[in-house]
Trainee: 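Below is a structure I'd like to ask you about.
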Protein chains: 2
Amino acid sequence: MASPAPTATNSPTGGRRTGASIGDVARLAGVSSQTVSRVSNGATNVLPETRRRVLDAMERLGYAPNHAARALRTGSFAAIGVVVHRLARTGESSTVDAIVDAARREGYTVNLVDVASPSPDDVTAALQRLSNQSVDGLIIVRAETATPTSLSLPARTPVVVADSRFVGHHPAVGADQVAGAAAAVQHLLDLGHRTVHLLAGPPESGPAQLRAQAWRTTLAQAGRVVPEPVQGDWSAESGYAAGRALAADDDVTAVFSANDEMATGLLHALHEAGRRVPQDVSVVGFDDIPLASHLWPPLTTVRQDFTRVGEELVRLLLEQIRSRATFVDRTVVVPAPLIVRASTAPPT
Amino acid sequence: MASPAPTATNSPTGGRRTGASIGDVARLAGVSSQTVSRVSNGATNVLPETRRRVLDAMERLGYAPNHAARALRTGSFAAIGVVVHRLARTGESSTVDAIVDAARREGYTVNLVDVASPSPDDVTAALQRLSNQSVDGLIIVRAETATPTSLSLPARTPVVVADSRFVGHHPAVGADQVAGAAAAVQHLLDLGHRTVHLLAGPPESGPAQLRAQAWRTTLAQAGRVVPEPVQGDWSAESGYAAGRALAADDDVTAVFSANDEMATGLLHALHEAGRRVPQDVSVVGFDDIPLASHLWPPLTTVRQDFTRVGEELVRLLLEQIRSRATFVDRTVVVPAPLIVRASTAPPT
DNA sequence: TGCACGCATGTTGACGTTAACACGCAGGAG
DNA sequence: CTCCTGCGTGTTAACGTCAACATGCGTGCA
């Protein structure tokens with residue numbers, strides 16, 4: 001139980017639920033409001049005795065600084081905006097989790113906006129809603145269909161993008177899609193498979209494009225046949241649908257799925273068709289979701305370190321905010337190692 | 001390339017990156033700033049001709065209202081704070097996704113805070129950071145160890161909690177844990193299993209307690225032996241560890257896992273031990289994560305409609321914010337139906 | 001013809017905070 | 001003894017917006 005503290009604020013015009021203000025604290029402590037401000041901001045040039053009196057008064061009144069007033073005065077919200085598409089997906093939520101965590105450590109709050117669709121228009125609208133001093137900077141997680149030029153960003157607002165296609169336009173952070181996908185395909189070739197089929201992500205997605213391209217290049221460089229890729233939409237459901245077709249084709253001995261969820265659907269379809277994994281068909285995924293090591297069989301996959309990506313995004317953004325500069329050429333590539341488990345084996 | 005637009009703002013004292021203000025628009029349109037404010041807020045008592053001139057000026061200057069000033073003046077941030085623990089988990093991210101979406105439709109922004117641990121102290125600290133006019137209301141997703149009395153909430157701030165243990169203290173929204181868990185256990189008994197083993201969630205979690213309690217009650221009411229539950233921590237890893245013990249025990253023919261991720265680990269352990277699902281052991285999960293229908297075998301589970309929960313949370317919160325009242329006794333229970341798939345069968 | 005009323009628009013001031021500057025006093029250098 | 005410096009603290013004004021009140025003009029009714 002707290003003490004009563006009736007908060008006798010007179011409300012001449014805009015009578016809202018307002019706690020104690022800096023002025024109330026100043027009056028109680030017998031100092032000027034500026035001194036309270038100094039204490040509240042940790043300035044050093046305040047006598048210990050004065051500071052103590054101010055802190056006492058704050059405590060007594062339950063004072064908490066008004067963010068709006070501070071933001072209005074300083075022009076900084078201590079907040080970053082995060083634009084995300086489908087938060088419920090593993091990669092997205094892990095990245096956002098890391099962003100929120102890293103931001104908190106730096107004293108920043110996160111304003112989350114999701115966009116109905118990842119189209120340039122929707123993303124632009126989302127940015128508009130966050131724009132103009134409601135945040136100090138922006139992180140765009142997954143731009144998907146948007147391209148560097150189709151995106152109209154609020155001027156003077158630092159931006160970081162988790163999509164390497166934006167390299168050269170905005171600072172970007174991303175896992176090494178190309179190396180990861182190439183390693184996955186090469187692993188299957190090294191096991192002795194003649195070629196590798198692709199269960200592709202949606203064609204408008206940047207990462208999906210990069211993974212498909214790497215798959216194609218790796219096969220071509222090894223002089224192998226490049227089969228027609230099967231299209232999915234990242235969901236397990238689409239992986240299952242595609243998997244039924246692949247399972248019916250006895251020539252298919254190795255499949256590289258552009259993400260783990262589609263790989264899960266693929267495994268389902270293969271089991272259902274009675275094709276054994278990995279004896280009959282080897283499967284490699286992408287992402288290393290927490291469930292990957294407990295699927296049946298445990299899934300060989302490419303690990304994306306989403307936590308690291310989130311941290312780097314925040315680091316790069318704060319660097320820009322603090323230096324009041326906008327970098328264009330900074331890029332961080334996070335390694336994406338292949339994790340070999342039990343879903344891959346030589347063809348029999 | 002955009003046109004130059006040098007934005008000739010004089011910066012007398014606090015020279016920050018500040019766009020056009022209401023005054024700049026007023027000057028350009030030849031009206032008073034109050035008229036601009038009226039247009040900006042959609043007031044009807046403005047002549048069409050005047051409105052057009054103002055809108056033109058806004059467009060020309062790229063004006064966007066300053067959230068800080070507006071919040072300071074009106075006392076409302078048009079923002080809600082969301083406190084979440086481990087965002088990367090399915091339930092959490094789906095709920096937050098729905099919250100963000102519902103909030104956006106109502107013109108509210110979401111401030112996301114994650115807490116390092118779900119302890120009362122950490123949650124209280126998180127609430128502190130969001131407190132006092134930086135948000136208009138709070139949603140606590142998963143309070144876990146916190147109890148209604150251990151939580152010190154900022155006064156005068158509307159709160160909604162996604163945890164039914166808070167019923168009677170704060171408005172709460174949650175899936176029907178008890179009915180869902182009971183249905184899962186009853187389903188297994190109906191199939192002919194003599195009893196049902198429990199793979200439990202962490203003991204400090206409210207939902208885990210409810211599910212365990214319902215499991216116990218359902219078995220007791222049917223006059224069955226109540227075996228010692230096996231403890232997990234929600235993760236697939238813990239489900240796998242627990243599953244190795246369960247798989248070694250031939251008496252175990254049916255397991256109710258308190259969530260789908262642990263059930264996934266359990267399936268892994270059972271496969272590895274050569275115990276067939278569902279012929280040797282039946283498994284029921286809880287949550288119906290997107291992957292549940294594509295696990296092997298497809299998982300019978302209890303569906304939690306996280307989207308619905310998120311929407312109801314926002315609805316209840318906004319109702320409080322708008323009525324400036326704090327309800328205490330409102331509760332919304334979302335049905336949690338059993339989804340029967342292929343991981344359950346009569347014992348053989 | 002007079003007066004009240006409605007309507008579009010303008011003027012004033014305050015929300016809570018902090019940057020910039022002013023002030024007064026003590027101590028040290030010339 | 002004077003002047004300068006440094007330090008703790010106070011005063012002033014401004015950040016951008018909107019609520020409340022003021023103004024001025026045209027219309028309709030008695």
Side-chain angles (χ1 to χ4, degrees), chain A residues 7 9-27 29-54 57-58 61-78 131-134, chain B residues 7 9-27 29-54 57-58 61-78 131-134:
Chain A
T7 319
T9 321
N10 54 343
S11 51
T13 164
R16 283 161 310 279
R17 57 182 148 81
T18 302
S21 81
I22 205 176
D24 301 330
V25 175
R27 213 166 305 119
V31 298
S32 79
S33 58
Q34 180 58 208
T35 299
V36 176
S37 171
R38 280 190 259 261
V39 171
S40 153
N41 290 298
T44 53
N45 50 347
V46 178
L47 281 188
E49 153 65 12
T50 311
R51 155 168 285 116
R52 205 191 41 70
R53 277 217 319 282
V54 170
M58 282 180 174
L61 295 170
Y63 167 79
N66 181 314
H67 286 70
R70 188 172 278 184
L72 175 59
R73 188 59 243 248
T74 64
S76 153
F77 266 74
S131 77
N132 223 350
Q133 303 126 335
S134 139
Chain B
T7 319
T9 321
N10 54 343
S11 52
T13 163
R16 282 163 309 280
R17 55 184 150 81
T18 302
S21 81
I22 207 176
D24 301 330
V25 176
R27 213 165 305 121
V31 297
S32 78
S33 58
Q34 181 58 216
T35 300
V36 177
S37 171
R38 281 190 259 261
V39 171
S40 154
N41 289 299
T44 53
N45 51 348
V46 178
L47 283 187
E49 153 66 12
T50 311
R51 156 169 284 118
R52 205 191 42 70
R53 278 218 317 282
V54 170
M58 283 181 175
L61 295 170
Y63 167 80
N66 181 314
H67 286 68
R70 187 171 278 184
L72 175 59
R73 186 62 241 253
T74 64
S76 152
F77 267 75
S131 77
N132 224 348
Q133 304 126 336
S134 137

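Convention: sequence-line order gives letters A, B, ...; per-chain numbering from 1. Just so it is clear, the values below take in all heavy atoms, side chains as well, and ignore hydrogens, waters and symmetry mates.
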Trainee: Find which nucleotide of DNA chain C each of B:A69 and B:T44 is nearest to by heavy atoms, and output the residue with the more 5' nucleotide.
Mentor: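 The residue whose closest nucleotide sits nearer the 5' end is B:T44.
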Trainee: For A:R52 and D:dT9, what is the distance between atoms CZ and P respectively, to the nearest whole Å?
Mentor: 13 Å
Trainee: Atom CG of A:N66 and atom C1' of C:dT18: how far apart are they, to the nearest Å?
Mentor: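 In whole Å, C:dT18 C1' lies 13 Å from A:N66 CG.
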Trainee: Can you find an N or O donor on one side and an acceptor on the other, under 3.5 Å apart, linking the side chain of B:R73 with the base of D:dT17?
Mentor: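 Per atom types, no contact qualifies.
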Trainee: Take the C1' atoms of the five end pairs on each side of the helix from C:dT1-D:dA30 to C:dG30-D:dC1, derive the two axes, and give their angle rounded to 10 degrees.
Mentor: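 Here the local axes at opposite ends form an angle of 50°.
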Trainee: Counting C-beta onward and ignoring hydrogens, is there a side-chain heavy-atom pair between A:D24 and A:R27 closer than 4.5 Å?
Mentor: yes
Trainee: Rounding to an integer number of Å, can you tell me how far B:D24 CG sits from D:dG16 P?
Mentor: 8 Å
Trainee: Compare the minimum distances between each of D:dT9, C:dC15, C:dA8 and the side chain of A:V46, then state the nucleotide with the smallest one.
Mentor: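 Of all the options, the side chain of A:V46 is nearest to D:dT9.
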Trainee: For the side chain of B:N45, starting at C-beta, report the closest nucleotide among C:dA8, C:dG16, D:dT17.
Mentor: C:dA8
Trainee: Need one value for A:I22: base, sugar-phosphate or nothing, where a base atom within 4.0 Å counts as base even if backbone is also close, heavy atoms only.
Mentor: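 It contacts base atoms.
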Trainee: Hey, could you give me the CG/CZ distance between A:L47 and A:R53, rounded to the nearest 0.5 Å?
Mentor: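 Going from CG on A:L47 over to CZ on A:R53, the span is 9.5 Å.
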Trainee: Show the nearest heavy-atom pair for residues A:T50 and A:V31, with the distance to one decimal.
Mentor: CG2-CG1, 3.9 Å
Trainee: Is it true that A:R70 and A:S40 share a donor-acceptor pair across their side chains at a distance under 3.5 Å?
Mentor: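 Yes, side-chain donor-acceptor contact under 3.5 Å.
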Trainee: Strictly below 4.0 Å: does B:T35 bring a side-chain N or O up to OP1 or OP2 of C:dG10?
Mentor: yes
Trainee: Check this one for me: any side-chain N or O of B:T50 less than 4.0 Å away from OP1 or OP2 of C:dT9?
Mentor: yes
Trainee: I need the A:H67 NE2 to A:S76 OG distance, nearest 0.5 Å.
Mentor: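 Rounded to the nearest 0.5 Å, the NE2-OG separation comes out at 10.5 Å.
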Trainee: What is the distance, to the nearest angstrom, from the CZ atom on A:R53 to the C1' atom on D:dT9?
Mentor: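 Interatomic distance, CZ of A:R53 to C1' of D:dT9: 11 Å.
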Trainee: C:dG10 phosphate, OP1 or OP2: any side-chain N/O from B:S32 under 4.0 angstrom?
Mentor: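 Checking B:S32 against C:dG10: at least one side-chain N or O falls below 4.0 Å of OP1 or OP2.
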Trainee: For residues B:A20 and B:L61, report the shortest heavy-atom separation together with the two atoms involved.
Mentor: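 Heavy-atom minimum between the residues: CB-CB, 3.8 Å.
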Trainee: Quick one: is B:R70 getting a side-chain N or O under 4.0 Å of the D:dC18 phosphate, OP1 or OP2?
Mentor: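 Indeed, a polar side-chain atom of B:R70 lies that close.
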Trainee: What is the distance, to the nearest angstrom, from the CZ atom on A:R51 to the P atom on D:dG8?
Mentor: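 After rounding, the reported distance stands at 10 Å.
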Trainee: Look up atom CD1 in B:I22 and atom CE in B:M58, then write down how far apart they are to the nearest 0.5 Å.
Mentor: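 One gets 7.0 Å once the value is rounded to the nearest 0.5 Å.
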Trainee: Of the non-hydrogen atoms in B:A29 and B:V54, which two are nearest, and what is the gap between them?
Mentor: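 Closest heavy-atom pair between B:A29 and B:V54: CB-CA, 4.0 Å.
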Trainee: CG of B:L47 versus P of D:dG26: gap in Å, rounded?
Mentor: 13 Å
Trainee: Counting only side-chain N and O atoms of B:S37, is one of them less than 4.0 Å from OP1 or OP2 of D:dC18?
Mentor: yes
Trainee: Looking at B:N41, does any N or O in its side chain come under 4.0 Å of the phosphate oxygens OP1/OP2 on D:dC18?
Mentor: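 The answer is yes; a side-chain N or O of B:N41 sits under 4.0 Å from OP1 or OP2.
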Trainee: Between atom CZ in A:R38 and atom P in D:dT11, what is the gap in whole Å?
Mentor: 11 Å
Trainee: Output the rounded distance in Å from CG (B:L72) to P (C:dA14).
Mentor: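 It is 14 Å, rounded to the nearest whole Å.
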